[in-house]
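This report concerns only the one structure given below.
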Amino acid sequence: MKNKIVLMSDNLANKIAAGEVIDKCVNIVKELVENSIDANSKKIIINLLSGGLKKIEVIDDGVGMSREDALMSLKRHATSKLLNENDLFNIVTLGFRGEAIPSIASVSDMKIYTSDGSESTYLHVRGGELLEEKSSDLKKGTRIEVTDLFFNTPVRFKYLKNIHNELASIVLYVNKLALANPNIKFILTNDDKELLNTRGNNDIKEVIAKIYGLDVAKKIINIKDNNLDYDIEGYYGYPELQKRTNSSITTIINGRVIKNYEINKTI
C-alpha cells in the first residue's frame with residue numbers, strides 16, 4: 001500500500017527542528033543570549049532555576065521587537081539577519097537561520113516580553129501554540145522565560161544531564177561569551193546565587209579576573225600581532241598556569257566563540 005505524501009504541519013516541523021537545535025539547557029541559553037548580542041544589547045542577564053532544568057530567563061536592553069516582528073519570530077526561518085542569498089557571504093551576526101525561537105517554543109512553555117521603545121508586546125506560547133497576545137509594560141529590550149522544557153516530548157527530557165552538568169555547561173559557555181564580548185555586561189545567576197557579573201567596560205583582563213580569579217589575571221601576558229590577512233590578540237598564562245589539556249583555550253574569531261582542534265593545537 002502506498003503512503004500519501006503530505007506537507008508537515010509547522011508545529012511538527014518545529015518539534016523535529018528542536019531535536020536538532022535544542023538537546024540540552026545550554027543550547028537554549030546559547031540561542032537566546034546570541035540573539036541578545038545581535039540586538040546590540042549592552043547588558044544581558046541570565047537567570048536559571050535548577051541549572052536551567054526548571055527555568056531559563058534571559059533579559060536584555062537591546063533594540064527589542066515590534067509586535068509584528070515578535071509574532072513573526074515564532075515562524076520557522078523568519079529572520080532579520082539575512083535579506084538575500086548574497087548576505088550568506090557576509091554574515092556579521094551570531095544567528096541567522098531563524099530556527100531558534102520557534103524550536104524552543106515548540107517544546108516548552110515560553111513567555112516573551114519585548115519592546116522596541118514605541119510598542120510593547122507580551123506573547124505566551126506553549127508547545128508551539130500561541131495562547132495569549134497583549135501589550136506589556138516593558139520599556140525597551142526583550143525578556144524571554146522558558147519553563148516546562150520538553151513537556152510534550154518527555155523522552156528528550158529524560159536524556160538531559162543532572163543539574164550540575166547542565167549548569168556547568170551553561171557557566172562555561174557564558175564565560176566564553178563574556179570573554180568574546182567584554183563590552184557587554186553579563187550577569188548569570190542560578191537559584192538566585194550570582195555566578196558571574198562583568199562590568200561591560202571593554203576591559204578583557206578584568207573579565208579574565210572575574211572568571212578565573214585575580215591570581216590568574218596577574219599571571220597572564222598580552223600578545224598581539226598582525227599582517228595583511230589578519231589581526232591576532234590574546235592572553236597567555238605563565239607556565240605555572242599550564243593545563244594538561246587544551247580545553248581551557250578559548251578561541252574567538254570575528255567575535256564568535258569557536259571550537260577547532262587544529263587551531264587549538266597550533267596555539
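In this text the structure is predicted, and so the values were computed from the model without any measurement. All values below come from the heavy atoms of this structure, side chains included, with hydrogens, waters and symmetry mates left out.
In this structure, CG on Asn35 lies 7.0 Å from CD1 on Ile144, to the nearest 0.5 angstrom. Asn260 CG to Ile249 CD1: the interatomic distance, rounded to the nearest 0.5 Å, is 11.0 Å. Taken from CG in Asn190 to NZ in Lys55, the straight-line distance is 12.5 Å, to the nearest 0.5 Å. From Arg143, atom CZ reaches atom CG of Asn47 across 9.0 Å, with rounding to the nearest 0.5 Å. Separating the CG atom in Leu49 from the CD atom in Glu57 is a distance of 8.5 Å, to the nearest 0.5 Å. For the atom pair Ile28 CD1 and Ile104 CD1, the distance stands at 5.5 Å (nearest 0.5 Å).
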(message) Does Phe186 form a side chain to side chain contact (heavy atoms under 4.5 Å, CB included) with Leu177? I'd like the steps, not just the answer.
(response) CA-CA 9 Å; Phe186 286 90; Leu177 281 181; 4.2 Å; yes
(message) Could you walk me through whether Glu206 and Lys210 satisfy the salt bridge (Lys or Arg N to Asp or Glu O under 4.0 Å) test, starting with their C-alpha distance in whole Å, then the side-chain angles of each, then the deciding distance to 0.1 Å, before giving a yes or no?
(response) CA-CA 6 Å; Glu206 187 173 299; Lys210 289 278 187 180; 5.8 Å; no
(request) Evaluate the criterion side chain to side chain contact (heavy atoms under 4.5 Å, CB included) for residue pair Leu123 and Leu130; output intermediate values, then yes/no. (result) CA-CA 7 Å; Leu123 303 177; Leu130 181 62; 4.2 Å; yes
(message) Set out, in order, the CA-CA distance, both residues' side-chain angles and the distance that settles salt bridge (Lys or Arg N to Asp or Glu O under 4.0 Å) for Lys43 and Asp61, then state yes or no.
(response) CA-CA 6 Å; Lys43 181 179 179 180; Asp61 61 354; over 6 Å; no
(request) Start with the C-alpha distance between Asp116 and Ser66, add both sets of side-chain angles, then the distance that settles side-chain hydrogen bond (donor to acceptor under 3.5 Å, both in side chains), and finish with yes or no. (result) CA-CA 6 Å; Asp116 60 2; Ser66 66; 4.8 Å; no
(message) Test side chain to side chain contact (heavy atoms under 4.5 Å, CB included) on Ile263 and Ile253; report intermediate values, then the result.
(response) CA-CA 11 Å; Ile263 290 177; Ile253 296 181; 4.0 Å; yes
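You'll find the side chain of Arg126 reaches within 4.5 Å of the side chain of Asp148, heavy atoms only. A 4.5 Å side-chain heavy-atom check between Met65 and Thr114 finds at least one atom pair inside the cut-off. Proximity of Lys42 to Asn183: side-chain heavy atoms (C-beta onward) are separated by under 4.5 Å at one or more points. Side-chain contact check for Leu48 versus Asp191: every heavy-atom pair is 4.5 Å or farther apart. Considering only heavy atoms from C-beta on, Leu74 comes within 4.5 Å of Ile101 through its side chain. Considering only heavy atoms from C-beta on, Ile170 stays 4.5 Å or farther from Tyr173 through its side chain. The shortest distance between side-chain heavy atoms of Val171 and Leu188 falls below 4.5 Å. Using a 4.5 Å heavy-atom cutoff, the side chains of Glu233 and Asn222 are in contact.
Of the possible polar contacts, none joining the Asp60 side chain to the Ile44 backbone as a donor-acceptor pair under 3.5 Å is found. Of the possible donor and acceptor atoms, one in the side chain of Ser41 sits under 3.5 Å from a partner among the backbone N and O of Ser36. In this structure, Asp231 contributes its side chain and Asn226 its backbone to no donor-acceptor pair below 3.5 Å. No donor-acceptor pair closer than 3.5 Å links the side chain of Asn202 to the backbone N or O of Ile184. Between the side chain of Glu145 and the backbone N or O of Lys111 there is no donor-acceptor pair closer than 3.5 Å.
Atom CD of Gln242 has 12 or fewer heavy atoms from other residues, nucleotides or ligands within 6.0 Å. For Asn227, the CG atom sits in a packed shell: over 12 heavy atoms of surrounding residues, nucleotides or ligands are nearer than 6.0 Å. Under a cut-off of 6.0 angstrom, the local environment of CD in Glu68 is sparse, with at most 12 non-hydrogen atoms contributed by other residues, nucleotides or ligands.
Considering all non-hydrogen atoms of both residues, Asn162 and Leu53 come closest at C-CD1, 4.4 Å. Across every non-hydrogen atom of Asn152 and Gly127, the tightest pair is ND2-CA, 3.8 Å. Residues Leu71 and Glu133 share a closest heavy-atom pair of CD1-OE2, 3.7 Å. In this structure, Cys25 and Leu149 approach most closely via the heavy-atom pair SG-CD2, 4.3 Å. Minimum interatomic distance between Leu196 and Ala178 (heavy atoms only, all atoms of both residues): CD2-CB, 4.1 Å. Scanning both residues, Ser169 and Val26, for their nearest heavy atoms gives O-CG2, 3.5 Å.
Among the candidates Ser136, Ser135, Ser120, the single residue satisfying the side-chain hydrogen bond (donor to acceptor under 3.5 Å, both in side chains) test with Ser115 is Ser120. Each of Thr251, Asn181, Thr250 was compared with Lys176 under the side-chain hydrogen bond (donor to acceptor under 3.5 Å, both in side chains) criterion, and only Thr250 meets it.
In this structure, a donor-acceptor pair under 3.5 Å is present between the side chains of Lys185 and Asn197.
The hydrophobic clustering, which links ILVMFWY residues whose side-chain heavy atoms are closer than 4.5 Å, places Ile187 and Val29 apart. Both Ile163 and Ile46 are part of a single hydrophobic cluster, where members link through side-chain heavy atoms under 4.5 Å apart. A continuous path of Ile, Leu, Val, Met, Phe, Trp and Tyr side chains, each step under 4.5 Å between heavy atoms, connects Leu32 with Ile37, placing both in one hydrophobic cluster. In terms of hydrophobic clustering, with Ile, Leu, Val, Met, Phe, Trp and Tyr side chains grouped at heavy-atom distances under 4.5 Å, Ile220 and Leu214 are assigned to different clusters. In the hydrophobic clustering of ILVMFWY residues, with side-chain heavy atoms under 4.5 Å counting as a link, Leu179 and Leu241 come out together.
The ring pair (Phe, Tyr, Trp, His ring centres under 6.0 Å) contacts involving residues 227-267 comprise nothing, where partners must be two or more places apart or lie in separate chains. Pairs engaging residues 112-140 under the ring pair (Phe, Tyr, Trp, His ring centres under 6.0 Å) rule: Tyr113-Tyr122 [sequence neighbours left out].
The existence of a salt bridge linking Glu166 and Lys24 is excluded, since no basic side-chain nitrogen approaches an acidic carboxylate oxygen closer than 4.0 Å.
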